[in-house]
Amino acid sequence: MDDEEISPPVSPMSQSLHSSFLSLHIFGVAELETPITEFEILELCRKNLSLNIRFSSVMERNNKGVLRWKKVATRVEDHLIVPTIPLGLTRESYDGYLSEYLSKIGCEKFSENKPLWEVHLLKYPSLNSACTLIWKVSHAIGDGYSFVSLFFKGCQRADDPSLLPTFPRLTLRKQDHGICSGNMLGFMGKCVNTCCDLIESLLRTTSLEDGASAIRVEKSANMKIELFRPFNIYTVALSLERVKQVKTKLGATVNDVILGLVSYIIHLYAERKTKYGLTTDSINGGTNADMTLLVMLNMRVFEGFTNIEDMIRADAWGNRSRAVFVKLPTFTNLENVNPVDFIIKAKETMDRKKNSMMFCFIDKVLNTSLWIKGQKGMDEMVYSSFKNASTMISGVIGPKQKMAICNHPINSCYFFVSGIPQSITFSSVSYMEQLKLVVKMDKEFIDSKLFSSCMDEAFDNIFRASFENIQDKD
């Protein structure tokens, strides 16, 4: 068989996510209830990672200059890392070590001489687990939904391994962008929204950049932002049932609630950073600065998929996540802001975004950049989309039931992305009727204790305010 036939080309988007401008790494963290052995992990990797050629390939240019996935001899033992630390420490100490370890490996680049993935096993009990498994995978191999589908192919339901897991339906539905849909006035409104979104995206991916704020360091226009800086990870687990109650009360979606919650957390942090005198600069500490949130959307939803099961059956692999720019809400009367207003604003913004044909043009914009400026031009555009926004959020949907790896129940799981040129980023994952919100914070710029405290109280404030508002109206 010809080598070209077994070495698929690296897609332009995958090249942009692993380039001299940007190098994104996806981390999946699974906290297990019982200890797992190295042998079990190696067997799991041999069985499941062989399903996709990218896990046994390196990027290499052929004699025609085309970058391809070149299959190489792969020993899974070379990709399993088991760190050694002192025995006999407290669970709190091991928990602190886990946080430091995530920051350490999050700042390390992959070797270009072997496939771009690693598995790390921490064989020590933390506050939430008997041991912790960490997957580190280059974003060039695939996106979050690709890895979710692969990961859960290697898992079983903890209650009954013979049954398949079930997933919540995706909240973003495929939109009808046809010209004949709706009345003429509605279509004209959609066209206006599309034009505005296209102009905004072009500006955001080239020259329009957020200013300094409580979550964003002021950068020189010619300074390339350091991609790998030490960070802290903090997670908050929310009851998905309570999130759905807020969603129903406000007529919103789960995504609207998450976006509103993130906006409110940032508002609390910025306000308190100024109030407690942690900054004297009205720009860097101001709560009313213009800030843009980069929302990563799974474009498979717009290709007709309605749930993860469909994606798993279709083996819908690849990088199908695309960015949408969303302005974080600002308020003039900062002292009397109702937490619910952040969700209402998020809903209004996302409803307007959905009433746009921008989703049909995202890939066309990227392909046009590729055609005009080549791969380097597309790399710059993808890098600028992150660099010019204040923060980013991405999310995946996990199963409703408790899962197990090699018969070891998964107590909790979450993910995050490193290598993004921002001081703070968010991710979310649903699992066992819980929604876990994860924040990755630059150690040198973000006050992690203050930000963590804002996360701890934000949803309770929103939940109480939601039902108080409803009662007031009744």
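Starting from 1, each residue takes its place in the sequence as its number.
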J.: Does the side chain of L328 reach to within under 4.5 Å of the side chain of S390, using non-hydrogen atoms?
T.: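 No, every pair of side-chain atoms sits at 4.5 Å or beyond.
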
J.: Using atom types as modelled and distance alone, determine if a side-chain donor or acceptor of R204 lies under 3.5 Å from a backbone N or O of V324.
T.: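 Not a single qualifying donor-acceptor pair exists.
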
J.: Does atom CG (D78) have a neighbourhood of more than 12 heavy atoms from anything else shown, all under 6.0 Å?
T.: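 Check passes, neighbour count above 12.
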
J.: Quick one: do D460 and R242 make a salt bridge, cutoff under 4.0 Å?
T.: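 Salt bridge present between D460 and R242.
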
J.: Strictly distance-based, threshold 3.5 Å: is any side-chain N or O of Q401 a donor or acceptor partner for the main-chain N or O of T166?
T.: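 Judged by distance alone, yes, a pair lies under 3.5 Å.
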
J.: Kindly compute the distance separating CG (L122) from CG (L32), expressed to the nearest 0.5 Å.
T.: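 L122 CG to L32 CG: 11.0 Å, rounded to 0.5 Å.
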
J.: What are the two closest non-hydrogen atoms of V257 and F459, and how far apart are they?
T.: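 Looking at all heavy atoms of both residues, the shortest contact is CG1-CE1, 4.4 Å.
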
J.: Kindly determine whether K440 and T425 satisfy side chain to side chain donor-acceptor pair (under 3.5 Å), including the steps that lead there.
T.: CA-CA 5 Å; K440 184 176 78 67; T425 60; 4.5 Å; no

J.: Name the residue from L293, T349, T292 that meets the side-chain contact (heavy atoms from CB on, under 4.5 Å) definition with K327.
T.: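 So, applying the side-chain contact (heavy atoms from CB on, under 4.5 Å) to K327 and each of L293, T349, T292, only T292 qualifies.
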
J.: Are any non-hydrogen side-chain atoms of S412 and N128 less than 4.5 angstrom apart?
T.: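 No, too far: nothing below the 4.5 Å cut-off.
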
J.: Please report the interatomic distance CD1(I343) to OG(S466), rounded to the nearest 0.5 Å.
T.: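 Result: 5.0 Å between the selected atoms.
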
J.: To the closest 0.5 Å, what do you measure between CG (D210) and CD1 (I215)?
T.: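 If I round to the nearest 0.5 Å, the distance is 8.0 Å.
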
J.: Evaluate the side-chain proximity of K402 to D159: yes if any heavy-atom separation is below 4.5 Å, no if none is.
T.: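 No, every pair of side-chain atoms sits at 4.5 Å or beyond.
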
J.: I want to check a possible cation-pi pair here: K136 against Y101, using under 6.0 Å from ring centre and within 45° of the ring axis as the test.
T.: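 No, K136 and Y101 do not form such a contact.
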
J.: Is the count of non-hydrogen atoms from other residues, nucleotides or ligands lying under 6.0 Å from K443 atom NZ greater than 12?
T.: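 Yes, because the 6.0 Å sphere around NZ of K443 holds more than 12 heavy atoms from other groups.
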
J.: Got a salt bridge between K104 and E100, using NZ or NE/NH1/NH2 to carboxylate O under 4.0 Å?
T.: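 No.
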
J.: Using modelled atom types only, decide if a donor and an acceptor are shared between the side chain of Y269 and the backbone of D447 within a distance under 3.5 Å.
T.: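 Indeed, once roles are kept as given, a pair shorter than 3.5 Å links the two residues.
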
J.: Looking at every heavy atom in both L294 and A389, which two are closest together, and how far apart are they?
T.: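 Smallest heavy-atom distance, with atoms named: CB-CB, 4.3 Å.
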
J.: Hey, are the side chains of S385 and F325 touching, using non-hydrogen atoms and a 4.5 Å cut-off?
T.: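 When only atoms from C-beta onward are counted, F325 and S385 do touch, with a gap below 4.5 Å.
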
J.: Has D95 got a side-chain atom pairing as donor or acceptor with E92's backbone, closer than 3.5 angstrom?
T.: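 Between the backbone of E92 and the side chain of D95 there is no qualifying donor-acceptor contact (under 3.5 Å).
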
J.: Tell me the closest heavy-atom pair linking C155 and M403, and the distance in Å.
T.: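 C155 and M403 have their closest heavy atoms at CB-CE, 3.8 Å.
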
J.: Is there a side chain to side chain contact (heavy atoms under 4.5 Å, CB included) between F27 and S418? Walk through the geometry before answering.
T.: CA-CA 8 Å; F27 286 79; S418 73; 3.3 Å; yes

J.: Output all residues satisfying ring pair (Phe, Tyr, Trp, His ring centres under 6.0 Å) with F463, sequence neighbours left out; order by chain, then residue number.
T.: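 Testing F463 for ring pair (Phe, Tyr, Trp, His ring centres under 6.0 Å), a comparison that skips the adjacent residues, returns F467.
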
J.: Donor-acceptor check, side chain of S14 to backbone of V10, threshold 3.5 angstrom: yes or no?
T.: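 Absent.
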
J.: Is it the case that K387 places NZ or CZ above or below the six-membered ring of F21, under 6.0 angstrom from the centre and within 45 degrees of the axis?
T.: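 So K387 doesn't make the cation-pi contact.
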
J.: Taking it one step at a time, do V295 and L259 satisfy side chain to side chain contact (heavy atoms under 4.5 Å, CB included)?
T.: CA-CA 9 Å; V295 181; L259 293 182; 3.9 Å; yes

J.: Can you tell if the side chain of S394 reaches within under 4.5 Å of the side chain of F415, non-hydrogen atoms only?
T.: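 The answer is yes; the side chains approach within 4.5 Å.
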
J.: Dump the intermediate steps for side chain to side chain contact (heavy atoms under 4.5 Å, CB included) on H79 and K114, then the final yes or no.
T.: CA-CA 9 Å; H79 296 263; K114 62 181 183 179; 4.0 Å; yes

J.: Mind checking whether S448 and Y234 have side chains closer than 4.5 Å, heavy atoms only?
T.: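 SC-SC contact between S448 and Y234 ruled out.
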
J.: CG of L98 to CD1 of I134: how many Å apart, nearest 0.5 Å?
T.: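 These two atoms lie 5.5 Å from each other.
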
J.: What class does the angle between the rings of F416 and F231 fall in, given that below 30° is parallel, 30 to 60° is tilted and above 60° is perpendicular?
T.: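 Ring orientation, 0 to 90° scale: perpendicular.
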
J.: What's the shortest heavy-atom distance between G419 and F228, and which atoms?
T.: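 Shortest heavy-atom contact: CA-CE2, 3.7 Å.
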
J.: Should we count NZ of K247 as having more than 12 external heavy atoms under 6.0 Å?
T.: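 Yes, because the 6.0 Å sphere around NZ of K247 holds more than 12 heavy atoms from other groups.
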
J.: For M441 and I424, work out which heavy atoms get closest and say how close.
T.: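 Nearest heavy atoms, M441 then I424: CG-CD1, 4.0 Å.
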
J.: With a 4.5 Å limit on heavy-atom distance, are the side chains of K249 and V340 in contact?
T.: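 A side-chain contact under 4.5 Å is absent here.
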
J.: Test salt bridge (charged side-chain N to carboxylate O under 4.0 Å, His left out) on D143 and R322 and set out the steps.
T.: CA-CA 10 Å; D143 58 18; R322 297 293 183 266; over 6 Å; no

J.: Charged N to carboxylate O under 4.0 angstrom, E77 versus R46?
T.: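 R46 and E77: salt-bridged.
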
J.: So, does S103 use its side chain to make a donor-acceptor pair with the main chain of S99 at under 3.5 Å?
T.: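 A pair under 3.5 Å: no.
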
J.: Testing F151, F147, W117 one by one against W135 for a ring-ring contact (aromatic ring centres under 6.0 Å, His included), which residue passes?
T.: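 Testing each of F151, F147, W117 against W135, the sole residue satisfying ring-ring contact (aromatic ring centres under 6.0 Å, His included) is F151.
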
J.: Flag the pair N113 / V58 as yes when at least one side-chain heavy-atom distance between them is below 4.5 Å, and no otherwise.
T.: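 No, side chains not in contact.
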
J.: Donor-acceptor check, side chain of R91 to backbone of S129, threshold 3.5 angstrom: yes or no?
T.: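 Indeed, once roles are kept as given, a pair shorter than 3.5 Å links the two residues.
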
J.: If I compare all heavy atoms of H408 with all of P35, which pair ends up nearest, and what's the gap?
T.: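 Smallest interatomic distance, heavy atoms only, reads CE1-O, 2.8 Å.
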
J.: Decide side chain to side chain contact (heavy atoms under 4.5 Å, CB included) for R272 and C454; before the verdict, give the C-alpha distance in whole Å, the side-chain angles of both, and the deciding distance to 0.1 Å.
T.: CA-CA 9 Å; R272 290 174 185 180; C454 294; 4.1 Å; yes

J.: Tell me if a side-chain donor or acceptor on Y97 pairs with a main-chain N or O of Y124 at a distance below 3.5 Å.
T.: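 No; zero donor-acceptor contacts below 3.5 Å.
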
J.: Please check: side-chain N/O of S23 versus main-chain N/O of H18, any donor-acceptor pairing under 3.5 Å?
T.: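 Flag not set: sc S23 to bb H18 has no pair under 3.5 Å.
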
J.: For a quick check under 3.5 Å, do D456 and S453 share a side-chain donor-acceptor pair by atom type?
T.: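 No.
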
J.: Nearest 0.5 Å please: distance from the OG atom of S138 over to the CE atom of M59.
T.: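 Here the interatomic distance stands at 5.5 Å.
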
J.: D351 and side-chain hydrogen bond (donor to acceptor under 3.5 Å, both in side chains): which partner among K353, K354, K347?
T.: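 When K353, K354, K347 are each tested with D351, the side-chain hydrogen bond (donor to acceptor under 3.5 Å, both in side chains) holds only for K347.
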
J.: Does any N or O in the side chain of H139 come within less than 3.5 Å of the main-chain N or O of G142, such that one atom is a donor and the other an acceptor?
T.: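 Side chain of H139 to backbone of G142: a pair is present.
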
J.: Would you give the length of the straight line joining atom CG of L268 to atom NZ of K273, rounded to the nearest 0.5 angstrom?
T.: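 NZ of K273 is found 14.5 Å from CG of L268.
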
